Amino acid sequence: MTFSGFCSRRKSRNQRSTPTMNRSLWSVEENGFLPCRNPLQRLSHPQFQIFESFVDVLPAKIAGGRVKDEINKLPNLTVPELSRIIDNEDELERAVLVYSFIAHAYLNGDKGGKEHQGLTGTLPSHIAVPWKWLSDQVGRPPILTYASCTLYNWKVINPEEEVSLDNITILGRFLGIVDEEWFFKIHVMIEYHGGSVVWGMKEIMRIIEDVEDPVKDHRALLQISKLLSTMIEALQKMNLVLKQLFKSCDPYIFFSSLRVFLSSYKDGKGRPEGLVFEGVAEFEGKPQNFVGASGAQSSILPCLDAFLGIKYDNNPVLDRIVHGMLAYMPRQHREFCKSVDTGILREYITKSEPVERGFSELRQKYDQIIDEVVKFRKEHLSYAAKYIVNEVERRNGPMVLGTGGTPFMKYLTMHLKTTKRMQFKFKYTPTGYIRGTIRNVMAHLPESIRGHDSRIIAAEPQILRLRRRKMIFKGLLGFLVIFMIYFFVISKE
């Protein structure tokens, strides 16, 4: 499927008619949390060309070891000049990406990114001031975020072909090597497949809000069941993509060269207190520490956690970390995450499928979704060990924080355990099978029959009563057989 085909398919499902260009770039409608328009590849204004050209050759300048001197020669674009250059949201995001890559190259790039050797504690005003203003406009802190280095950092090579790892490329790079390209492409494709998960959540929430009686509305149950199947399939694709990370991204290269460009500002070797933004009056010359680019800044799993009812009430530290990442997401993503009614799906399933009735179709699919989320988090945990913990142990160094500034192994392990505990672990029963069959048949019947034929509505409990009577009869018959064996055989001995 082409990217344009992906968009149109989503649009037809949601019955949207608003032209794409009239929507917010980060509107959570067509492509999940990927932008609803392809990322802008360059800013065309003449004053910005020197910055675009600099980013084009950034890997070569970093490899040369004197990128800081080169960046000091860049012109100072004032805030009034930037406000005249930037015409729309797409150009604003592109400008944020360009300044983010330049800033992180200045801070970390003088030694080619090798193991934190070239860290700088002060960002000069001609980069710091415009970058801070641009970051304020998009509503995110002045640091390279997941939104800039992943969500808005790709293009489709051939729009007429299927979107895949082989048909996308990355726009901004620090190193210009295969490992870096592959690392970002894996995350882009995870977000691409995650679009169906987001679409499924939105549709299910819409259906649940319209349901008056969860037990009697068989058509809604069938619709939700189909949507859950779509979400399961999408999560399976996300897991398959994640498993391919090791294929072309070497742990040694990631840890020793790429990771430093994605890290938080505060670092014990080069920036013990954080980063000083020269000329930014709001910070008053005080060191700042913001969270580096991390998969934890993706909105997919936080929204899915809320949708499934996965809570962290018993773990305030984990809860604080999860909610803290919201500040690094695009505004519309934050708003969507906050709009998800916590536990809405689980609550609906509990009401529409009471345990004592034995019907468990939605419970089974809910558990399947939990299974896929657990697999994803297990894989993420194994990569954290392989790409960071093992590399630290190879160097006999102290344990480090993740790029998002978190004690990642503890955080990921707690997240995994909390997710596992949410499963219903509910299996089909004979009465449940009968109930499920009746509901599916009734969901396909015309509204006139389902709404007025009391005999069909009454069929379900009647069959269940017959089933219970049959089970009681079998139990009594079994007891009678055992009694007769005892009386005629054992008692005579």
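In this text, all values refer to a predicted model and were calculated from it rather than measured experimentally.
In this structure, L92 and Q137 approach most closely via the heavy-atom pair CD2-CB, 3.5 Å. Between L171 and R173 the shortest heavy-atom distance is O-NH1, 3.9 Å. For the residue pair L242 and H380, the shortest heavy atom distance occurs at CD2-N, 4.1 Å. When all heavy atoms are compared, the tightest approach of T230 to S196 is CG2-CB, 4.4 Å. The two residues D166 and I157 make their nearest non-hydrogen contact at O-CD1, 3.7 Å. The shortest non-hydrogen separation linking R363 to T350 is NH2-CA, 4.0 Å.
To the nearest 0.5 Å, the span separating CD on Q236 from CD on Q368 amounts to 7.5 Å. Taken from CG in L262 to NE2 in H104, the straight-line distance is 8.5 Å, to the nearest 0.5 Å. The CD atom of Q288 sits 11.0 Å away from atom CD1 of I143, with the distance rounded to the nearest 0.5 Å. Taking CD1 of I207 as the start and CZ of R219 as the end, the distance is 11.5 Å to the nearest 0.5 Å. To the nearest 0.5 Å, the span separating CD1 on I170 from CG on N153 amounts to 5.0 Å. One distance of note links CG of L151 with CH2 of W26; it measures 4.5 Å at 0.5 Å rounding.
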Given side-chain contact (heavy atoms from CB on, under 4.5 Å), test V241 with M238 step by step and report yes or no. CA-CA 5 Å; V241 171; M238 288 169 58; 5.9 Å; no
Can Y383 and F246 be said to form a ring-ring contact (aromatic ring centres under 6.0 Å, His included), step by step? CA-CA 8 Å; Y383 281 140; F246 190 67; 7.5 Å; no
Under the criterion side-chain contact (heavy atoms from CB on, under 4.5 Å), I'd like the reasoning laid out for M205 against F307: C-alpha separation, chi angles, the key distance, then a yes or no. CA-CA 9 Å; M205 287 190 289; F307 180 70; 3.9 Å; yes
Test side-chain contact (heavy atoms from CB on, under 4.5 Å) on E209 and D341; report intermediate values, then the result. CA-CA 10 Å; E209 288 172 0; D341 190 357; over 6 Å; no
side-chain contact (heavy atoms from CB on, under 4.5 Å) between L43 and I86, worked out: CA-CA 9 Å; L43 281 173; I86 307 298; 4.2 Å; yes
Assess whether ring-ring contact (aromatic ring centres under 6.0 Å, His included) is satisfied between F174 and F101, documenting all intermediate values. CA-CA 7 Å; F174 291 108; F101 271 77; 4.5 Å; yes
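Side chain of K202 to main chain of V28: a donor-acceptor pair is present (N/O by atom type, distance under 3.5 Å, no hydrogens or angles). When atom types are taken as modelled, the side chain of T145 and the backbone of P141 share no donor-acceptor pair closer than 3.5 angstrom. When atom types are taken as modelled, the side chain of S148 and the backbone of L144 share no donor-acceptor pair closer than 3.5 angstrom. Judged by distance alone, the side chain of Y328 and the main-chain N or O of S294 form no donor-acceptor pair under 3.5 Å. Of the possible donor and acceptor atoms, one in the side chain of N167 sits under 3.5 Å from a partner among the backbone N and O of N158. Here the side chain of E391 pairs no donor or acceptor atom with the backbone of F255 at under 3.5 angstrom. Distance alone, capped at 3.5 Å, is enough to place a donor-acceptor pair between the Y387 side chain and the C249 backbone. Not a single donor-acceptor pair under 3.5 Å links the side chain of D90 to the backbone N or O of L40. Although no hydrogens or angles enter the test, the distance criterion places no donor-acceptor pair under 3.5 Å between the side chain of R140 and the main chain of M329. Listed for the Y192 side chain is no donor-acceptor partner under 3.5 Å among the backbone atoms of L34.
A 4.5 Å side-chain heavy-atom check between K247 and I186 finds every atom pair outside the cut-off. Counting heavy atoms from C-beta outward, K378 and K420 have side chains that approach closer than 4.5 Å. Residues E52 and R94 meet the side-chain proximity criterion, which asks for heavy atoms closer than 4.5 Å. Two residues are said to be in side-chain contact when any heavy atoms from C-beta on lie closer than 4.5 Å; L275 and L107 meet this criterion. Using a 4.5 Å heavy-atom threshold, the side chains of I208 and I204 count as touching. With a 4.5 Å cut-off on side-chain heavy atoms, L362 and Y366 do not count as touching. In this structure, the side chains of F261 and C149 stay at 4.5 Å or more apart for every pair of heavy atoms. Annotation: side chain of L304 is in contact with side chain of M231 (closest heavy-atom distance under 4.5 Å).
No side-chain donor from either of E379 and N239 sits under 3.5 Å from a side-chain acceptor of the other. Side chains of Q332 and S27: a donor-acceptor N/O pair is absent below 3.5 angstrom, by distance only. S298 and E191 form a side-chain donor-acceptor contact under 3.5 Å, judged by distance and modelled atom types alone. Under 3.5 Å, the side chains of S225 and K365 contain a donor-acceptor pair of N or O atoms.
Pairs passing the salt bridge (Lys or Arg N to Asp or Glu O under 4.0 Å) check and including a residue from residues 326-338, sequence neighbours excluded, do not occur.
With F424 as the aromatic partner, R346 meets the cation-pi criteria of under 6.0 angstrom to the ring centre and within 45 degrees of the ring axis.
The aromatic rings of F183 and H187 sit tilted, their planes meeting at an angle between 30° and 60°.
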